[in-house]
Amino acid sequence: MKRWSTVLDFIASGRAPNSETVVSFEGFEAKGDGGESLWIKTGATGAASQTPISRGDYRFNDASGDEYKLTSGTVFYYDGAAEWFPLPFGVSGAGLYQFNGTDFNYYEDESEVIVSQKLTTEDLIALSAGFVTGDTITTTGFTSAGDGGSAQWVATSTIDLIPSQTPTDRGAAELVDGAGRLWALSDSGEINPLWLSQKQTDDTAMLQLALDVSSSLKRKLNLDGLEFNIQSSGSQINSRNYALLLQSDTNVSVNGTVINLADDSTLYDGITSPRNTEITNVSITGSLTINGNNATRPQGGHAIWLERVTGLNVEGLTVNESSAFGFRLNRVSDFIIKNYRCTTTLDQVGDDGLHIYDCNNGLVDGAIIETAGDDCFIISAERVGSSNITAKNLVLKSPTGNRGVLLNLADLADAMYEIKNVNVQAVCNDCADGPAALLSQADFKNINLDIQSEGCRNSLTFDLPSIGFGEGSVRNSTFNIQSNGDLENAIVINDSGTIE
């Protein structure tokens, strides 16, 4: 289902989506004018309409000539003044009107339900109008208009139930209205926060609510083309303030979406997840840009820190100027990261591009990372080890930082954990202060590195000292290293440990 701003814009555009048979709108003549509606392409053609109601039969032809008809069951809230509204049977005045396929029915008993605002999910729960199976209502919010919880609901044949008390008390994507009829979220699946007020001083609470609603209903949240200013939520995890918290079944479309992290000296993590609770099925896809504001955020503040997630899909993420890691994963399994970009110019320790701790079964496909103060791409073992990870098509640059690729035992490790079954293919440019790739301390097994080193001090370094709980080792591994430009050493072995 395709979303458009207004019916009037669509008529004038001539952009009939050939693959779309259902189109929904945010208004008739202006966004939010009460004309939120759903239209179906009929297959007929004709002369282009001049206005949404010029034909007088609740149909219009777009500029390409394709005909659309208003869907039966669509409900409007008429404010008593808008010229676009076809007054039914001479009735005038603000109130609730439902289209039955040929005419509009006026529900006098519900006329006071919404006058100054739009229908919300909670309002739908309160309705006791005589709806029938198949009727549809598009809500403009979850608990209030514009809170990000807009969605389309379909009346089912199930009746005589106890009315819902809240939009989520049934624990599923359904609710019961005041008359006892069960409503289900439309199969179209998306929640479109079209009335979400964005680029305010602080959009944090509103965006968090939209995320909570979509994950609780297990529906995709469409944030395409929106921009948000995010501050600390005031909540903490492990004494660290964060802005947004993801939960299980988060599914977000972010084509052209921008999140600006605030100039906030208390904000550590922009987007995070619970630390001690496992969550599943998190998907963020499209083209999301996070601007990190590293100048004022505290050292150690991550743009994204996700932990204990099973089933993660992130595509098209760009992080600019994070004050620490651009993207950090801890104990994440079954993950895919595609087309990731990270650029930082803050020259400080901890300024990593993509850092993977204790993760398994993952793919990183396509990343361009440039850091100023620390490493570009890191796989670490800290408490359980990392395994079965493939990273390919990486372009890494750290002219004043450290390594392009680092595989290591993390600083807080308390045993000699394994990093095994890892494949990395990367081009490392200008890693002037460190090697293109470094294997440090851990117990490495089945490591395959394909590294093109350009302008790096060293191409490959093994740093395998004996430490309090063991000695590092490298076994059953292959290294294909190609070096171009000035090179101090091709391979450096420090405190060799065991290499076989």
Side-chain angles (χ1 to χ4, degrees), residues 1-6 9-10 13 15-27 31-32 36 38 138 140 146-152 185-200 203-204 206-215 217-230 243-244 246 249-261 270-271 281-292 303-304 306 311-320 322 326-327 335-343 354 363-368 393:
M1 184 175 69
K2 181 71 175 177
R3 283 276 180 177
W4 292 81
S5 179
T6 68
D9 291 341
F10 184 81
S13 71
R15 294 177 293 176
N18 295 328
S19 61
E20 298 286 351
T21 59
V22 181
V23 183
S24 64
F25 300 95
E26 303 173 62
K31 182 176 177 180
E36 294 87 358
L38 192 71
T138 300
T140 64
D147 65 13
S150 61
Q152 179 155 10
L185 199 64
S186 169
D187 288 339
S188 62
E190 287 191 357
I191 294 177
N192 296 267
L194 300 172
W195 297 268
L196 194 61
S197 178
Q198 51 169 325
K199 293 193 71 176
Q200 305 299 305
D203 300 316
T204 311
M206 202 157 33
L207 183 52
Q208 182 66 66
L209 179 58
L211 290 166
D212 292 344
V213 169
S214 63
S215 61
L217 297 178
K218 298 184 179 181
R219 288 296 191 267
K220 178 181 285 188
L221 176 64
N222 189 331
L223 300 179
D224 292 353
L226 302 180
E227 183 170 355
F228 305 98
N229 294 324
I230 301 302
L244 300 172
L246 304 184
D249 301 307
T250 294
N251 185 2
V252 189
S253 176
V254 288
N255 290 295
T257 306
V258 177
I259 292 178
N260 301 308
L261 301 182
I271 300 174
N281 303 325
V282 174
S283 179
I284 303 172
T285 58
S287 54
L288 170 64
T289 298
I290 299 179
N291 295 316
I304 301 183
L306 300 182
L312 172 68
N313 182 27
V314 177
E315 297 184 17
L317 172 64
T318 296
V319 175
N320 297 318
S322 180
F327 195 178
F335 65 91
I336 297 174
I337 300 171
K338 290 185 176 181
N339 302 323
Y340 170 65
R341 300 178 69 98
C342 180
T343 302
L354 174 57
L363 170 66
V364 179
D365 186 0
I368 300 175
N393 301 315

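Every value quoted in this text rests on a predicted model; they were computed, and no experiment measured them. What you see below is based on every heavy atom in this structure, not just the backbone, and it leaves out hydrogens, waters and symmetry mates.
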Non-hydrogen side-chain atoms of [X] and [Y] separated by less than 4.5 Å:
X      : Y      : value
Val282 : Asn313 : no
Leu354 : Val364 : yes
Asp224 : Leu226 : no
Leu317 : Ile284 : no
Val314 : Phe327 : yes
Leu223 : Phe228 : yes

Using the test side-chain hydrogen bond (donor to acceptor under 3.5 Å, both in side chains), find all partners of Thr289 that sit at least two apart in sequence or belong to another chain. none
Sub-3.5 Å donor-acceptor pair from the side chain of Ser287 to the main-chain atoms of Gly256, do we have one? yes
Is a side-chain N or O of Thr250 found less than 3.5 angstrom from the main chain of Leu246, in a donor-acceptor match?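 Such a contact is absent between Thr250 side chain and Leu246 backbone.
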The criterion is side chain to side chain contact (heavy atoms under 4.5 Å, CB included); which residues satisfy it with [X], sequence neighbours excluded?
X      : result
Thr343 : Asn320
Asn281 : Asp249
Asn339 : none
Asp212 : Gln208

Gly270 and Ala243: which non-hydrogen atoms are nearest, and at how many Å? O-CB, 3.2 Å
Closest non-hydrogen atom pair, Ser322 against Ala303: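 Shortest heavy-atom contact: OG-N, 3.2 Å.
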Roughly how far, to the nearest 0.5 Å, is the [atom2] atom of [Y] from the [atom1] atom of [X]?
X      : Y      : atom1 : atom2 : value
Ile337 : Asp365 : CD1   : CG    : 11.0 Å
Tyr340 : Leu288 : OH    : CG    : 11.0 Å
Leu244 : Ile271 : CG    : CD1   : 5.5 Å

Could you walk me through whether Asn251 and Leu221 pass the side-chain contact (heavy atoms from CB on, under 4.5 Å) check? CA-CA 6 Å; Asn251 185 2; Leu221 176 64; over 6 Å; no
Per side chain to side chain contact (heavy atoms under 4.5 Å, CB included), Asn291 is matched among Ile259, Val319, Asn260 by Asn260
If we count only N and O atoms by modelled type, under 3.5 Å, do the side chains of Asn229 and Asp203 hold a donor and an acceptor together? no
